[in-house]
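First comes the structure, then the notes that go with it.
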Amino acid sequence: MDLIGEMRSADAGTVVELLSDAPQSLTDVPEWADEAGNDLLAVDESDDHNAFYVEKS
Amino acid sequence: MTDHIVIVGGGTGGSVLANDLSDRLDSELESGDVAVTLINDGSDQVYKPVWLYVPFGKREPDDGRRPLADLVDDAVDVRNDRLTDIDTDSQRLQLRDSVEDVSYDHLVLATGSTLAPEEIPGLVEGGHNYYSEDGATTLREELLDFSEGHLVLSVVGSPHMCPAAPLEFVFMADDWFRERGLREDIEITYTYPIQRVHGNAHIAEWAAPLMEERNINRETFFNAESIDPDAQTVSSMEGSELDYDLLVTVPPHRGIDLIGDAGLGDDGWVDVDRHTLEADAATSVYALGDAAATGVPKAGSVAHYQAGVVGQRIASEVRGQVPTATYDGKTICFIETGMDAASFVEFDYENPPSPAPPSKKLHWAKLAYNESYWLTARGLV
């Protein structure tokens, strides 16, 4: 949800980094990025959180 | 030398904390070793949960207002003024109506949420809300005139105050229209930003079948991008479009701009350690309630519990002790499922919610709590 708020105000081509410790994000973020037509460039998984990089189309 | 504790914001978190400190630091306040100042832009405290009931004619906006001076202990200096600058290096604040700066040794930002409907083209003209006094009273008039057509409740802003309130609104609207014999002529649609009906998967899993039973349409993955008030349509970032006859939205929320100006966080939310509630970017600064970016709901119960933690930590600091109190993410919330039934959830950082079966008892518990809320603001419950 925080990611969507940032993407609203971002210009096309901007890459937004989301840091999340919610396990649900591993499915929520790819599904929303796909639905909204944005590109999920990478997911860096670590022990206590995951980093998502999404480019606004 | 007097230790000066300054709280900005006289909502739930600010008033509970002011009363907590006046109790906890009673002797230090008496001796003059400590002073507590509460600054609020306005003379009243506003209890926002009342607004959910206003559109359905169950409460009046005035039911959610009390003079702050009546709620806060006399040992606290309550100032009706507006913050205009935060300087965390010199530990000074500027206020609109005060010539002299206010210096602080401990600062707590409890500045809450504001609405930013202007961020979505057409939303100011086309959308109603129950997230403000004016919005709730205007919506009441609209609902009374609404006897057929398509009612759309769209969650536009996230994060927003009281994450359960959009679900509550459609459940209550469904029941209210049924009681008035109008439901067959009114279609209700609920839109939500992600692929389920609530951010918390456990609450979404509980709510979706209830919405199905009640014939409430769901449009997920729907983030309103613009509204055309003339054509009465909402267009989403995902490329879909929805027609409406009456549009109710949860508008975008922001904290106050001064937080960003002071380098404390984005969008008016203070970046904090989610356990200690200390600001990441400045020393001797805490944030609580809606203003604190902890990831937990922007809800009164959260502000209430966080105020107790911040009160303990500041009291320890004043006494030269190591602060040990931490916030565990505790949140409680009643969720109305109609005009005479409600559920209840309790959760924290480690334990997910498990919504209780809706019952009349829980509905009455919610109404009773709303009545007794003013005891919470006084620090008594």
Side-chain angles (χ1 to χ4, degrees), chain A, chain B residues 116 118-121 123 155-160 163 166 191-205 219-226 235-240 250-255 260 265-269 271 274-275 280 293-298 329 347 349-350 352:
Chain A
M1 302 274 275
D2 289 344
L3 172 68
I4 296 170
E6 288 300 317
M7 295 293 276
R8 275 186 182 281
S9 52
D11 296 325
T14 303
V15 177
V16 174
E17 178 188 20
L18 170 74
L19 302 178
S20 172
D21 62 358
Q24 198 76 40
S25 298
L26 285 169
T27 51
D28 288 355
V29 174
E31 288 183 24
W32 179 76
D34 185 47
E35 184 74 17
N38 298 308
D39 292 328
L40 177 58
L41 302 177
V43 181
D44 289 343
E45 297 188 34
S46 56
D47 289 343
D48 58 352
H49 72 275
N50 300 308
F52 301 83
Y53 299 89
V54 184
E55 181 176 353
K56 184 159 179 176
S57 60
Chain B
E118 65 282 356
E119 292 185 3
I120 307 296
L123 182 54
V155 178
V156 179
S158 68
H160 63 80
T191 83
Y192 204 71
I194 57 174
Q195 77 278 35
R196 52 181 182 270
V197 297
H198 192 273
N200 186 294
H202 299 270
I203 294 175
E205 199 174 310
E219 284 277 340
T220 52
F221 277 139
F222 191 97
N223 289 278
E225 189 166 45
S226 66
S235 301
S236 78
M237 290 167 68
E238 291 77 13
S240 51
V250 179
H253 284 41
R254 293 284 177 261
D266 295 331
D267 299 329
W269 317 126
D271 291 329
R274 68 179 195 155
H275 293 287
D280 291 343
T294 53
V296 296
K298 296 191 182 303
F347 53 98
Y349 289 141
E350 303 297 329

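Fair warning: this is a prediction, and the values are worked out from it, not measured in the lab.
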Exercise for the section: Kindly check if the number of other-residue, nucleotide or ligand heavy atoms within 6.0 Å of CD (B:Glu118) is above 12? Expected result: yes
Problem - Minimum heavy-atom distance between B:Asp271 and B:Ala293, given as atom pair plus value - result: OD1-CB, 4.2 Å
Problem - Heavy-atom proximity to chain A below 4.5 Å, by part of B:Glu225 - result: backbone
Practice task
Could you tell me the separation between the CD atom of B:Glu238 and the CD1 atom of A:Ile4, rounded to the nearest 0.5 Å?
Solution key: 7.0 Å
Practice task
Could you tell me which residues satisfy side-chain contact (heavy atoms from CB on, under 4.5 Å) with B:Ser158, sequence neighbours excluded, listed by chain and number?
Solution key: A:Met1
Handout entry: Point-to-point distance, once rounded to the nearest 0.5 Å, from OG of B:Ser236 to CD of A:Glu35
Key = 8.5 Å
Practice task
Sort by residue number and list every member of residues 37-49 of chain A having a non-hydrogen atom under 4.5 Å from chain B.
Solution key: none
Handout entry: Heavy-atom contact with chain A under 4.5 Å, split by part of B:Tyr349
Key = neither
Practice task
Working to the nearest 0.5 Å, report the span between CG of B:Asn200 and CD of B:Glu205.
Solution key: 10.0 Å
Fill in the blank from the handout: The side-chain contact (heavy atoms from CB on, under 4.5 Å) partners of B:Pro159 (sequence neighbours excluded) come to A:Asp2, B:Trp269, B:Lys298
Fill in the blank from the handout: Checking heavy-atom separations under 4.5 Å from chain B, one finds in residues 14-32 of chain A A:Asp21, A:Gln24, A:Thr27, A:Asp28, A:Glu31, A:Trp32
Practice task
Could you tell me whether A:Arg8 and B:Glu119 make a salt bridge, using a distance below 4.0 angstrom between a side-chain N and a carboxylate O?
Solution key: no
Exercise for the section: Side-chain contact test, heavy atoms from C-beta onward, threshold under 4.5 Å: evaluate it for B:His253 versus B:Asp267 and give yes or no. Expected result: no
Problem - B:Pro251 vs B:Leu123 side-chain heavy atoms within contact, under 4.5 Å - result: yes
